[in-house]
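Structure record follows, encoded as structure tokens.
All values reported here derive from a predicted model rather than from experimental measurement. Every chain is numbered from 1 and lettered A, B, ... according to where its sequence line falls, protein lines coming before strand lines.
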Amino acid sequence: MKIINPSPKMNRRSFVKKVLNGTIAGSLYLVWPMGSESLEIPEQIPGIRGREYDIHNQEFAFIVDITRCIGCGSCCVADKREYNVPDGNFRTWVERYVKGFSDEVYVDCPNGGLDGYQHPRKDITEKVRDTFFVPKLCNMCREAPCVQVCPVGATFKSPDGFVLVDEKRCVGCAYCIQACPYSARFLHPVKKVAQKCTWCYHRIRKGLLPACVQVCPTGARKFGSMKDETSEVYKILKGPGVLTVLKKEMGTFPSLYYEGARREVI
Amino acid sequence: MDLSYRMRLLIVLISIGVLAGGGLVVKRLLIPDSFGVYGPYRADAIVEAALVPIRHGTNASCFKCHPYEANIHKNGRHHTISCEFCHGTYADHVKNGKKTGTLPVKKGKEITTLCLRCHNTEIKARKEKVIKTVAMPDHLKDQNVKITHNCNQCHHVHAPLKYIIRAKQITGLMEAGS
Amino acid sequence: MDTAYSFAAMPISNYVFPNDLHVHWSMMIVLYPYITGLVDGAFIIAALYYLFDIKTLRPVARFSLLFALAFLCCATLPLLLHLGRPERNLNMLLTPSPTSAMAGFGYIYAVSMGVLVFIVLFVYRPDLVELRVTSKGWLQFLYRAMTFDSIDLSEDALVLDKKIIRFLVGIGIPIAVVLHGYVGFIFGGVKANPTWSTPLMPVIFLFSACVSGICAIILAYIVIRKIKGRTIDHRCIKTCIKTLTLFFILAFAFEMLEVFSHSYLRTGYHHMVEGLLNGPLADSFWFWQVKIGSVIPLIILGVMGIFNIKDRLYDFMAAVVSTILLLQVFLMRWNVVIGGQLMSKSARGYTEFHPEWFGKEGILAVIIVMVIPFIILFVFSRIFPFWTTGNETDV
């Protein structure tokens, strides 16, 4: 595998600076921080490794197929482990919806789905019409309210379409947490900065799938590059299937799509 | 000094202007280097986000050193399950090609609990086409085994139908090779 | 209406998004708009005198400027206590995001501070010049600095001062409106939260700010004068109460308009907010803020406006109504800031908030932050004479 390495004289910081200042035209190479280890893992997203990462010419899509989600909570566990997410805060979680014949919707999400769903709900007295699981994560809005309201530019939308948090500049005002219609954000209790799901940006840039996608046993979570016409997400988005987004009326234009989401899903 | 009142006020006004201007100069100096390369944010933050070390590998990274398990896992019905979900993350096990920690292996009742996380029929949201589910303890009764049995006493955890198929082949319920 | 329909209309299963269980904006964010509101209201009193020539307000005009300044000095305290990383607060000034309402804070605050300081200096200049002559040591140095080292009290200079004051108060009003209206806008601009996202929010905040500021001035004036054993200017109190009545009617009308128009429209928004106001906020909103905090003062203010009441009783009622309204505005801030966050963005449930005692955003910290402006005010009283000397009731 070809890794693009900076010249040995250049340390990473100055290299990155050079890239950013435009000496290396508009592209962002990546230098692997943990030896070649992560590169020994076969690439999962084709077209990332071994070539220039043109940050302005990328498009990724995330699709959650709720008809395939079985509520095992693998994604939640993987997510917590990948980031050491502090207890009580969630980058991703899985909700359980139960719909009664009266049209009443019962939703619960004990411990964010981390322990899975071992038992059915016992507190529902009426006859159940339908039940399903809904995984939630950052919607990567194209018009992200969190980016709009961040007073210091610590939350931003990168040219490749990811809403990221600059933990070195975040002042911890929590305005973005208020602004997110999906409640995907939280304030890290120790670092005191805002955090949220990044679709595992650090994995994607190494050609790997997001941790939650990678561990999903049923393929309910799908991720891929829209530049790759063979990818599953490309085929789904190109196809006739009905895809919806959450809280469309918020005008946030999420790039997270749901397949098979019922109207009760908020 | 013998300045007129108006003159003094003018000096005050100019000083405010100078202070504000000075403030703006200081502001410019204190803005981080890569701020504004792509937009009103620090472009270095993108690089930092990309450089965060990964903690989960993939199944391929586990299979490299565990060929025996890999062979079973890859050929069984559980091939879509991530090794790391049951055993823990790659980063807790290997660093720079060297083993740094032992990952847990589930035992006894833990295994049943783990299996039922996905395979419990009681949770109605699990569709036939996605996953095969069982009701407990009905399944144990149906199969005429002890009610205290753990799942792994019949099902290989990495390839749940491995023993079942083999048993069927031996008893002639199934042709070998099918 | 059959039950099935009513269930469908109100899909509340008390499901709270896992990240919504925690209330992120707690008491310090209640306190911050409360403090800027006091600044605003007090400034309005001064503006009525200095810009709109309402002469009866003369006894409190200068005091209200110092009162506003004392509270403005502390306006950033609750924010710093609230920030997760207070040491990075200057990021707000260094890299203000052009799209964020909050990013304007540093600049709006700095400008309003500057304007208010200069208004105070020019208003007090004749007194400061006199004090400069009689004082010694570092105090004299302070007075010299505050008078721009000039003792020019000629007719010409005083006329110039007056013009400058009018100009500064003139630009001070929009700045004060922006300083506080923007706080309302920060809430009003959060589309994710249905109780906040209304264009009425800045308006409601502004009027209630005027209410709280005027009340604070009335109360402080009466209390300080009583303690000092000096006379209370009844005509001044009367003008204040009339102004207060006007602002309070506007504030209360807008607060209720927001609730009633939505309960009449009966949109999805209403069903969520109805559950909030009748559920977790039933006590603090309907009972304390509306019944005790708004209806009773309205009746008292009505009585004060319609009937002829003896001066002493009138002043007493003024103090009572001011106290209640100060609480009302605090409750209103509470119900907006904390109450708004009790409703999960799942639109299906409500979380809880229990104030802590000792944290940096706890009750004790709130009390300390509210005491500091009074300490500053006391220090000011040693430097600036609060009340005009001579015949105080003189117009």
Side-chain angles (χ1 to χ4, degrees), chain A residues 16-17 19-22 28 30-31 33-35 37-38 40-42 44 55 67-74 77-78 81-83 96 116-120 128 131-133 153-159 162 164-169 198 201-203 205-206 208-209 211 214-215 217-219, chain B residues 31-64 78-86 88-92 94-97 113-114 116-127 129-131 133:
Chain A
V16 163
K17 250 188 192 166
V19 171
L20 294 168
N21 292 339
L28 216 56
L30 205 64
V31 193
M34 41 188 292
E37 200 161 84
S38 54
E40 286 174 21
I41 307 169
Q44 290 175 310
I55 199 159
T67 63
R68 294 195 70 81
C69 181
I70 56 169
C72 64
S74 306
V77 173
R81 287 176 182 160
E82 182 74 22
Y83 297 96
R96 169 167 58 185
Y117 291 85
Q118 296 278 356
H119 305 289
V128 171
T131 168
F132 52 91
F133 292 103
T155 281
F156 57 89
K157 187 153 188 79
S158 65
F162 292 84
L164 301 172
V165 181
D166 182 351
E167 291 188 7
K168 289 189 182 157
R169 286 203 79 69
T198 60
Y201 189 69
H202 64 304
R203 296 177 67 86
R205 289 292 297 271
K206 298 177 181 84
L208 300 174
L209 286 171
Q214 138 93 22
V215 301
T218 61
Chain B
I31 293 175
D33 283 347
S34 68
F35 203 92
V37 174
Y38 299 128
Y41 58 88
R42 214 166 50 90
D44 276 346
I46 301 176
V47 185
E48 285 161 18
L51 290 176
V52 170
I54 60 165
R55 286 184 40 77
H56 280 80
T58 63
N59 280 8
S61 42
C62 306
F63 292 161
K64 226 170 35 179
H78 271 173
H79 65 93
T80 58
I81 293 184
S82 161
C83 309
E84 289 162 292
F85 171 57
C86 303
T89 56
Y90 186 77
D92 292 332
V94 181
K95 231 165 236 135
N96 300 321
T113 310
L114 193 63
L116 287 176
R117 231 181 134 123
C118 299
H119 292 284
N120 191 350
T121 306
E122 276 195 286
I123 308 295
K124 299 291 178 209
R126 290 162 183 170
K127 282 163 205 63
K129 69 165 171 109
V130 180
I131 188 165
T133 59

Give a yes or no on whether the backbone of B:Y41 and the side-chain of A:R169 come within a donor-acceptor separation of less than 3.5 Å.
no
* To do: Check whether any side-chain N or O of A:E82 sits under 3.5 Å from a backbone N or O of B:T89 as a donor-acceptor pair, and report yes or no.
  => no
Rounding to 0.5 Å, atoms CD (A:Q214) and CG (B:N59) come to a distance of 6.5 Å
Highest number of heavy-atom pairs under 4.5 Å with chain A among B:C83, B:G39, B:G88 belongs to B:G88
Of B:P40, B:A49, B:A60, the largest count of non-hydrogen pairs under 4.5 angstrom with chain A goes to B:A49
If you tally heavy-atom pairs under 4.5 Å between each of A:P217, A:G71, A:G219 and chain B, the highest tally belongs to A:P217
Chain B shares the most heavy-atom pairs under 4.5 Å, among A:A154, A:G73, A:P120, A:G153, with A:P120
request  = Would you indicate whether the side-chain heavy atoms of B:H56 and A:R203 approach each other to under 4.5 Å?
outcome  = yes
Rounded to the nearest 0.5 angstrom, the CD1-CD1 distance for B:I123 and A:I70 is 11.0 Å
Between A:S74 and B:F85, the two heavy atoms sitting closest are CA-CE1, 3.5 Å
dist B:E122:CD -> A:Y117:OH (nearest 0.5 Å) comes out at 15.5 Å
* Asked: Hey, are the side chains of B:V52 and A:T198 touching, using non-hydrogen atoms and a 4.5 Å cut-off?
  -> no
Turns out that what part of B:T133 lies under 4.5 Å from chain A's heavy atoms comes down to neither
If one checks every heavy atom of B:I131 against chain A at 4.5 Å, the contacting part turns out to be side chain
Does the distance from a Lys or Arg side-chain N to an Asp or Glu carboxylate O, for A:R81 and B:E84, drop under 4.0 Å? no
If one checks every heavy atom of A:L164 against chain B at 4.5 Å, the contacting part turns out to be side chain
The interface call for A:Q44 against chain B, heavy-atom contacts under 4.5 Å, is side chain
Residue from A:A211, A:C69, A:P159 scoring the most non-hydrogen pairs under 4.5 Å with chain B is A:P159
Between B:R117 and A:G116 the two heavy atoms that sit nearest each other are NH2-N, 3.2 Å
Between B:A125 and A:T131 the two heavy atoms that sit nearest each other are CB-O, 3.3 Å
On a heavy-atom basis, the closest approach of A:K206 and B:L51 is NZ-C, 4.2 Å
Side-chain touch B:C118/A:T218, heavy atoms, less than 4.5 angstrom | no
Got A:V128 and B:K124 here, is their nearest side-chain heavy-atom distance under 4.5 Å?
-> no
So do the side chains of A:T67 and B:K129 get within less than 4.5 Å of each other, counting heavy atoms only? yes
In this structure, CG of B:L116 is separated from NE2 of A:H119 (nearest 0.5 Å) by 9.0 Å
* Min side-chain heavy-atom separation B:I46-A:F156 under 4.5 Å -> yes
Value for CD (A:Q118) from CG (B:L114), rounded to nearest 0.5 Å, stands at 8.5 Å
Okay, A:A78 and chain B: the region with an atom under 4.5 Å from a heavy atom over there is both
